[in-house]
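Encoded as structure tokens, the structure appears first; notes follow it.
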Amino acid sequence: MRRLAIIGAGGFARELRWILSEVAADPRKRYEPFEVACLLENNIQKLTIPESGVREEAEWLESNDVDALAIGIGNPSARLKIAERLKKQYPKIDWPAIIHPSVILDSETCVLEEGVILCPGVVATVNIVFESFSLVNFACTIGHEAKIGKGSVINPSVNISGWVRVGAGVLVGTGAQILEDTVIGDSAIVGAGAVVNKNVESGTTVVGIPARPIVRND
């Protein structure tokens, strides 16, 4: 079993460690199992919740052999920055797609790039593209021909209809609904519970039913 370290030590990192344990225990062996070596954090002193087994990122990676890395952080911009930095520093380390055994998707037509994470209860249909380092959280549904952009984070219970295009670095809040054939621009934020029925410009935050812009993000 190959060794994997998780970048981050907060709540989602611990959930990701649990997801990987479920992958390893799955009797169907649908996806490659990994042994979680440890959680890695840039500054352990800043942790608000004590967590055993957390190591200083740079020090540990320089002195230990690891086959793979995964990002246990739910912030889109942080995911993209960390991935860019560590891929340059450690070009030989893999970034596997991590898929919980309960996920339903058409593996023949869906594309999962490196570093993608699909959490328990995700239902993805056909011809969906998950770009690198995107994260789809618990109990989301994604329709045909949709695209989830690089580093984007889809929070729990989001419903994404067919032909939706989510750009890079997007954050979609819990319980949001994104209706068919809409485009969410890069670095946009969709508020929790929002219903998106029109395109969202890049760098814009939208909230409400129907979703309307409230601010432009830097």
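Every value quoted in this text rests on a predicted model; they were computed, and no experiment measured them.
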How long is the straight-line distance from CD1 of I160 back to CD1 of I128, given to the nearest 0.5 Å?
9.0 Å
Separation of D181 CG from N197 CG (nearest 0.5 Å):
12.5 Å
Run the numbers on I148 and I142 for side-chain contact (heavy atoms from CB on, under 4.5 Å), then give the verdict.
CA-CA 9 Å; I148 309 300; I142 304 176; 4.2 Å; yes
Cluster link F12 to W18, ILVMFWY, side chain under 4.5 Å
yes
First locate atom NZ of K147, then atom OG of S152, and finally report the distance between them rounded to the nearest 0.5 Å.
9.0 Å
Between L112 and L105, is there a side-chain heavy-atom distance shorter than 4.5 Å?
yes
For a side-chain contact (heavy atoms from CB on, under 4.5 Å) with F130, tell me which candidate from V111, I117, V136, L135 qualifies.
V136
Consider only side-chain heavy atoms of I, L, V, M, F, W and Y, link residues closer than 4.5 Å, and tell whether V164 and V129 are in one cluster.
no
Same cluster (ILVMFWY, side-chain, under 4.5 Å), V158 and V123:
no
Less than 4.5 Å apart, any side-chain heavy atom of V122 and any of I154?
no
Would you indicate whether K29, at its atom NZ, is surrounded by more than 12 heavy atoms from other residues, nucleotides or ligands within a distance under 6.0 Å?
yes
Roughly how far, to the nearest 0.5 Å, is CZ of R55 from CD of E59?
9.5 Å
Closest contact, heavy atoms only, A168 versus D186:
N-OD1, 2.9 Å
Checking W163 against H144 for the side-chain contact (heavy atoms from CB on, under 4.5 Å) test, could you report, in this order, the C-alpha distance in whole Å, the side-chain angles of both residues, the deciding distance, and whether it holds?
CA-CA 6 Å; W163 295 105; H144 59 89; 3.2 Å; yes
Report yes or no: does D26 contribute a side-chain atom to a donor-acceptor pair with the main-chain N or O of R28 at less than 3.5 Å?
yes
Side chains of L171 and N155: closer than 4.5 Å at any heavy-atom pair?
yes
Decide whether L4 and V54 are clustered together by the hydrophobic rule: side chain heavy atoms of Ile, Leu, Val, Met, Phe, Trp, Tyr closer than 4.5 Å, transitively.
yes
Let me confirm one number: the NE2-CD distance from H100 to E15, rounded to the nearest 0.5 Å.
11.0 Å
Would you say that more than 12 heavy atoms from the other residues, nucleotides or ligands in this model lie under 6.0 Å from the CZ of R165, or not?
yes
Please find the pair of heavy atoms, one from E131 and one from V116, that lie closest to each other, and give the distance.
O-CG2, 3.3 Å
Tell me the closest heavy-atom pair linking L80 and G151, and the distance in Å.
CD2-CA, 3.6 Å
What closest approach, in Å, do R14 and A9 show between heavy atoms, and which atom pair accounts for it?
NH1-O, 3.4 Å
Looking at side-chain heavy atoms only, is the closest gap between V195 and L179 below 4.5 Å?
yes
Show the nearest heavy-atom pair for residues A188 and I184, with the distance to one decimal.
CB-CG2, 3.8 Å
Beyond-backbone contact of V153 with S134, side-chain heavy atoms, under 4.5 angstrom:
no
For P33, the side chain to side chain contact (heavy atoms under 4.5 Å, CB included) test, sequence neighbours excluded, returns M1, A24
Residues, nucleotides or ligands: over 12 heavy atoms within 6.0 Å of E84 CD:
no
Answer yes or no: is there a side-chain heavy-atom contact under 4.5 Å between P120 and I19?
yes
Residues at least two apart in sequence or cross-chain that pass side-chain hydrogen bond (donor to acceptor under 3.5 Å, both in side chains) with N127, listed by chain then number, are E145
Over all heavy atoms of both residues, which pair between V190 and A194 is shortest? Give the atoms and the distance, please.
CG1-CB, 3.9 Å
Side chain of D106, backbone of T125: donor and acceptor closer than 3.5 Å?
no
How long is the span from the CG atom in N159 to the OG1 atom in T141, to the nearest 0.5 Å?
3.5 Å
Using a 4.5 Å cut-off between side-chain heavy atoms of Ile, Leu, Val, Met, Phe, Trp and Tyr, which other residues end up in the same hydrophobic cluster as I73?
I7, L40, W60, L61, V66, L69, I71, I82, L86, Y90, I93, W95, F133
